[in-house]
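So the structure is just underneath, and the comments pick up after that.
What you see is a predicted model, and the numbers here were worked out from it, not measured in a lab. Residue numbering restarts at 1 for every chain, and letters A, B, ... go by the order of the sequence lines.
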Number of protein chains: 2
Amino acid sequence: MARIPVSSARERILDAAADLFDRYGVHAVGMQRIIDEAGCGKNLLYREFSSKDELVVAYLRRAARGWDITLEAARATVATPQRQLVELVRVVGERVPGTRGCPLRNTYAEFPDRDHPAHQVALEHFGAVREQLCELARQTSAPAPERLADRILLIINGLYINASGVGAEESAAIAVQLAQDVVRGETAAKASRSGVS
Amino acid sequence: MARIPVSSARERILDAAADLFDRYGVHAVGMQRIIDEAGCGKNLLYREFSSKDELVVAYLRRAARGWDITLEAARATVATPQRQLVELVRVVGERVPGTRGCPLRNTYAEFPDRDHPAHQVALEHFGAVREQLCELARQTSAPAPERLADRILLIINGLYINASGVGAEESAAIAVQLAQDVVRGETAAKASRSGVS
DNA sequence: ACGCTAGCAGACCGATCGGTCCACCTCTCA
DNA sequence: TGAGAGGTGGACCGATCGGTCTGCTAGCGT
């Protein structure tokens, strides 16, 4: 068998694990299955990741990094912060069909224990996303940027759940439309009846 | 030990299981723990529920029934279908703090296998909810009732995820506000720029 | 050409899983 | 009061879990 550079081993294992976790869930996938899929020995896997928990954390961190990249791409693709918020929803809706939704949110649901590292990584990510959305919203003319950010977050979260069932494409379209309306409504000069706070 | 009427045994076990499933997730809870919590023998449990899967399904069906009751209550509490849609969001937001979110949605995330009965029950419920919301939306003056229903569903789903982390109360307020705005916007005479369909 | 090392394969471990079965106890009713 | 139904507690089963350890093979550098 061809000698593969050591540095790639970690990524190869992580690829296999991510694919299986995404498809079947973390609990449902045993380490042996990951090993089989990655085509490596147990030794190598446990040298790179000292436990399953550590592997799961690495999986989640990579997913979180993926989100950050998505955000950066949205910022680069579209000019105004208003459109960037909508673009984020659009990209999520574009990617979610055919998947089980968001790895972080799914794994979070699988590990309710507050002390579990996977739970903590997910929570940390959710906080970061909210902060990113707030930052974007503050760059708009919205009088209540945090409310705008929370509304977009609500839409994104809803989209992730909605799309994991049937009708992913329709859900995506609905979410993007709603995001457009929300951004337009929130950045309109007049304060909405719902109040500024 | 006092003889407890047999008919209540099933409910007692289901109560214990639901409490544990809600708090720790289905995978994380073993049958022995449910038995300990319910204070019954293994025999009785396996007579009422022939397998863990069956117990999980019963747990989900009861949660789905709970939703139906909530819907009925919202219909009884508030007069117009517009306010009923908002009321639904309000009640969900009111109940979700301190919980891990929606049992059906969480368990759905835990059982991605399409063939698993728990997965099917959850999917069935999601479809029913969407249909209920559509029916409510059709009773409003909204020119695109299905879009209204999908938007409310998006908000409810987003709320369930949002609130399972930190800041449940704030998320609830955000969701209710957004639901109000959405209902108002969708039932306004003029068609939104987003188009009717 | 040969030793060294990295990595695959798999035996093995204790713990725990869902599920079955049996012994004993307790309450009911004749 | 004694037989029997119903239920608890726990031993027990095979399978599988995460994780460790030991060969053995294949490729490299000298």
Side-chain angles (χ1 to χ4, degrees), chain A residues 1-21 23-60 107 110-113 115-119 121, chain B residues 1-21 23-60 107 110-113 115-119 121:
Chain A
M1 196 153 293
R3 264 301 176 75
I4 294 162
V6 181
S7 67
S8 85
R10 192 182 171 88
E11 281 304 308
R12 213 174 75 240
I13 294 169
L14 205 43
D15 284 341
D19 179 59
L20 291 169
F21 288 162
R23 277 192 291 169
Y24 306 109
V26 172
H27 281 308
V29 174
M31 295 299 266
Q32 188 56 57
R33 195 152 167 209
I34 295 170
I35 286 159
D36 293 343
E37 200 76 13
C40 69
K42 274 199 168 188
N43 269 339
L44 182 55
L45 189 148
Y46 277 99
R47 206 189 52 194
E48 296 294 330
F49 307 94
S50 68
S51 70
K52 187 178 184 180
D53 282 356
E54 202 171 295
L55 177 58
V56 173
V57 165
Y59 157 66
L60 293 183
T107 308
E110 277 197 86
F111 293 89
D113 180 7
D115 295 333
H116 197 284
H119 186 96
V121 170
Chain B
M1 197 154 292
R3 261 300 174 73
I4 295 163
V6 181
S7 66
S8 86
R10 190 181 172 89
E11 281 303 309
R12 212 175 77 241
I13 294 169
L14 205 44
D15 285 341
D19 179 58
L20 291 168
F21 289 162
R23 277 192 291 171
Y24 306 109
V26 173
H27 280 308
V29 174
M31 294 300 266
Q32 188 56 57
R33 195 151 167 210
I34 296 170
I35 286 159
D36 293 344
E37 200 75 14
C40 69
K42 274 200 167 187
N43 269 340
L44 182 55
L45 188 148
Y46 276 99
R47 207 191 50 194
E48 295 295 328
F49 307 95
S50 68
S51 70
K52 186 179 185 180
D53 282 356
E54 202 170 297
L55 178 58
V56 172
V57 165
Y59 158 66
L60 294 183
T107 308
E110 278 197 85
F111 293 88
D113 180 8
D115 295 335
H116 197 285
H119 186 96
V121 170

- Between B/H27 (side chain) and A/E110 (backbone), is there a donor-acceptor pair under 3.5 Å?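 Absent.
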- Query: Quick check: does any side chain N or O of A/K42 sit under 3.5 Å from a backbone N or O of A/M31, one acting as donor and the other as acceptor?
  - Reply: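 No: the side chain of A/K42 does not pair with the backbone of A/M31.
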Mind calculating the distance between [atom1] ([X]) and [atom2] ([N]) to the nearest angstrom?
X     : N      : atom1 : atom2 : result
A/L45 : C/dG7  : CG    : C1'   : 13 Å
A/L55 : D/dG19 : CG    : P     : 10 Å
A/L44 : C/dT5  : CG    : P     : 18 Å
A/R10 : C/dA6  : CZ    : P     : 18 Å
A/R47 : D/dT22 : CZ    : P     : 17 Å
A/I34 : D/dG19 : CD1   : P     : 10 Å

- Message: Once rounded to the nearest 0.5 Å, what's the spacing between atom CD of B/E11 and atom CG of B/L14?
- Response: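 Going from CD on B/E11 over to CG on B/L14, the span is 5.5 Å.
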- Message: Can you tell me how far apart CZ (A/F21) and CZ (A/R33) are? Round to the nearest 0.5 Å.
- Response: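 CZ of A/R33 is found 11.0 Å from CZ of A/F21.
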- For A/D113, enumerate each residue passing the side-chain contact (heavy atoms from CB on, under 4.5 Å) test, keeping only those at least two apart in sequence or located in another chain.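 For A/D113 the side-chain contact (heavy atoms from CB on, under 4.5 Å) partners, ignoring immediate neighbours, are A/D115, A/H116.
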- Do nucleotides 17-24 of chain C as a string where each nucleotide becomes B, S or -: B if the base has a protein heavy atom under 4.0 Å, S if just the sugar-phosphate does, - if no protein is that close. -SBBBB--
- Query: Which residues pass the salt bridge (charged side-chain N to carboxylate O under 4.0 Å, His left out) test with A/D15, sequence neighbours left out?
  - Reply: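 Counting only residues at least two positions away or on another chain, A/D15 forms a salt bridge (charged side-chain N to carboxylate O under 4.0 Å, His left out) with A/R62.
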